[in-house]
Amino acid sequence: AWKNFDRNSPSIAEARLMLEHELETIRTGGTWKGERIITSKQGPHINVDGSRGDILNFCANNYLGLSSHPQVVEAGIEALKKYGAGLSSVRFICGTQDIHKDLEQKLAQFHEREDCILYASCFDANAGLFEVLLGPDDAVLSDELNHASIIDGIRLCRAKRFRYKHMDLNDLETQLKESQSSRLRLVVTDGVFSMDGDMAQLKGICDLAEQYGAMVFIDECHATGFMGPRGRGTDELLGVMDRVHIVNSTLGKALGGAAGGYTVGPKPLIDLLRQRSRPYLFSNSLPPPVVGCATRAVELLLASNEIAQSVGDKTMRFRNKMTDAGFTISGSDHPICPVMLGDARLASLMADDMLKLGVYVIGFSYPVVPKGKARIRVQISAAHTDQDIDRAVDAFIQTGRKHGVVS
């Protein structure tokens, strides 16, 4: 009982000391992740608690600028008024409204797949897929740098696990050969790897999968809405939409930025996920305002590819100007633009100095990225102007000179 809980007991005191020691290790290692407080809506220009005036935001996943788009916001308000704040239920009991089915239909149409199932997040979508699809007689072949949610999802399934070197097709082929005795095999990769902004070699992956009789899964969280001529993702960009079997993605980045994830793929798979996927069966339905916002975002993209195409030019403007200034930018042609610094403390200090100059960026270090690979990850949005980008580059140059990164 709570009344018997002794805060001063030896075991509690020992646990507290262990936790405080671990926290101090993080602080002294320069990898402490503070949370800055934003006092405005999300967008290219924000207000930050403790900072004066207008702050440029260059670290949101708001790739298309739709998080505060007037039509998206209004759609959320209308859904709130008509359908309420939430369902207080999972989908199969009394948590499915017509707007949930409408959004699923539109997402399937957007990705040109047979069907779609919504989740509370893409983390849940990844947690719910693999243990339903794969059993002990199957095999999953995963890129070693896949997102943490993919790794955790794979841990939940009973399939044999094979990990291939990052974007190494030769090693993938070796793993495919070693797993040939398996019933089903699924090659699993991020479409875009979020820490470096590099894209999976999907054409080569699909070639190998077809040669060895495997299926292909991609996580498109950092591609949906803006990669490819119509923003359908890396599979569209690389010409393999009809060769990738399963796609997981998110509503929490380019598609309105609120919350939610989903799986699109063959209808029998989606039907089975509705019956057996634990995050779907045991999590509340997406709230109506979130569904309303996401639906309007998808409708905007189905109606026009203008927003999706606008990100590319702005991305290259930033990349070219930063490279000319002497910075090392990882990845290629993606609005994720990692400014590579190496040292965790340097990345943190530079990010703090950038905020003083009115530019909001965040340093990334271990364990989010490998040791020695610390960086400031910049993300370009369709809502950024050329003037915003030039101002950010100027701030990087000033801060880089202060810390001896550029001359």
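Of the N and O atoms on the side chains of H166 and D171, not one donor lies less than 3.5 Å from an acceptor on the other residue. A donor atom on one side chain and an acceptor atom on the other are not found under 3.5 Å apart for Q379 and N57. For the 3.5 Å distance criterion, the side chains of Y83 and D98 qualify, holding a donor opposite an acceptor. Looking at N62 and S67, their side chains do bring a donor and an acceptor atom within 3.5 Å of each other. No donor-acceptor contact under 3.5 angstrom links the side chains of Y164 and T174, judged on distance only.
For D219 against S149, the heavy-atom pair with the smallest separation is OD2-OG, 4.4 Å. Taking both residues in full, the closest heavy atoms of M227 and M199 are given as CE-SD, 3.4 Å, listed atom of the first, atom of the second, then distance. In terms of heavy-atom proximity, M167 sits nearest to D143 at N-OD2, 2.8 Å. Residues R375 and A347 share a closest heavy-atom pair of O-CB, 4.0 Å. Closest non-hydrogen pair, F193 versus L145, comes out as CD2-O, 3.5 Å. Looking at every heavy atom in both residues, I154 comes nearest to F130 through N-CD1, 3.8 Å.
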Name the atoms and distances for all side-chain donor-acceptor pairs under 3.5 Å in residues 282-294, with sequence neighbours left out.
from: S283; atom 1: OG; to: P279; atom 2: O; distance (Å): 2.7
from: S285; atom 1: OG; to: S89; atom 2: O; distance (Å): 3.3
from: S285; atom 1: OG; to: G95; atom 2: O; distance (Å): 2.5

Side-chain donor-acceptor pairs of residues 327-336 under 3.5 Å, sequence neighbours excluded:
from: S330; atom 1: OG; to: D196; atom 2: OD1; distance (Å): 3.4
from: H334; atom 1: ND1; to: I336; atom 2: N; distance (Å): 2.9
from: H334; atom 1: NE2; to: H222; atom 2: O; distance (Å): 2.7

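More than 12 heavy-atom neighbours from other residues, nucleotides or ligands sit within 6.0 angstrom of NZ on K33. A 6.0 Å sphere centred on CZ of R230 holds more than 12 heavy atoms belonging to other residues, nucleotides or ligands. Crowding of K373 atom NZ: a count of heavy atoms from other residues, nucleotides or ligands under 6.0 Å not exceeding 12. Counting heavy-atom neighbours within 6.0 Å of E20 CD, excluding the residue itself, gives a total above 12. Crowding of E306 atom CD: a count of heavy atoms from other residues, nucleotides or ligands under 6.0 Å not exceeding 12. More than 12 heavy-atom neighbours from other residues, nucleotides or ligands sit within 6.0 angstrom of OH on Y212.
Inter-residue side-chain proximity for V339 and V405 is flagged as unmet; no heavy-atom pair is nearer than 4.5 Å. When side chains are defined from C-beta on, L269 counts as touching L273, because their heavy atoms get closer than 4.5 Å. You'll find the side chain of F217 stays beyond 4.5 Å of the side chain of V244, heavy atoms only.
Annotation: the span from I117 atom CD1 to D271 atom CG amounts to 9.0 Å, rounded to 0.5 Å. Atoms NE2 and OG, from H147 and S142 in turn, are 12.5 Å apart once rounded to the nearest 0.5 Å. Atom NZ of K203 is separated from atom CG of D235 by 14.5 Å, given to the nearest 0.5 angstrom. In this structure, CG in L66 is found 14.5 Å from NZ in K253, a value given to the nearest 0.5 Å.
No side-chain donor-acceptor contact under 3.5 Å links S348 to the backbone of R345. With D353 contributing its side chain and M350 its backbone, the two residues share no donor-acceptor pair below 3.5 Å. Checking side-chain atoms of H45 against main-chain N and O of L56 turns up no donor-acceptor pair under 3.5 Å. Proximity of a side-chain donor or acceptor of N320 to a complementary backbone N or O of M316 within less than 3.5 Å is detected.
Geometric assessment of R232 against the ring of F110 yields a positive cation-pi assignment under the 6.0 Å and 45° thresholds. A cation-pi arrangement is absent between R91 and Y280 under the rule of less than 6.0 angstrom and at most 45 degrees off the ring axis.
For the side chain to side chain contact (heavy atoms under 4.5 Å, CB included) criterion with L141, the lone passing option out of R163, R185, K160 is R185. With N248 as the partner, the side chain to side chain donor-acceptor pair (under 3.5 Å) test is satisfied by one option alone out of D190, T224, T263, D124: T263.
Applying the side chain to side chain contact (heavy atoms under 4.5 Å, CB included) test to N47 and every residue at least two apart in sequence or in another chain returns T39, S40.
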Run the side-chain contact (heavy atoms from CB on, under 4.5 Å) test on L103 and L107 for me, step by step, so that the C-alpha distance in whole Å, both residues' side-chain angles and the decisive distance to 0.1 Å come before the verdict.
CA-CA 6 Å; L103 177 54; L107 287 167; 3.9 Å; yes

Check the pair R158, E131 against salt bridge (Lys or Arg N to Asp or Glu O under 4.0 Å), reporting the backbone distance first and the verdict last.
CA-CA 7 Å; R158 294 183 293 163; E131 75 170 327; over 6 Å; no

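Taking the ring centroids of H384 and F58, they lie under the 6.0 Å cut-off. Ring centroids of Y262 and H111 are separated by less than 6.0 Å, placing the two rings close together.
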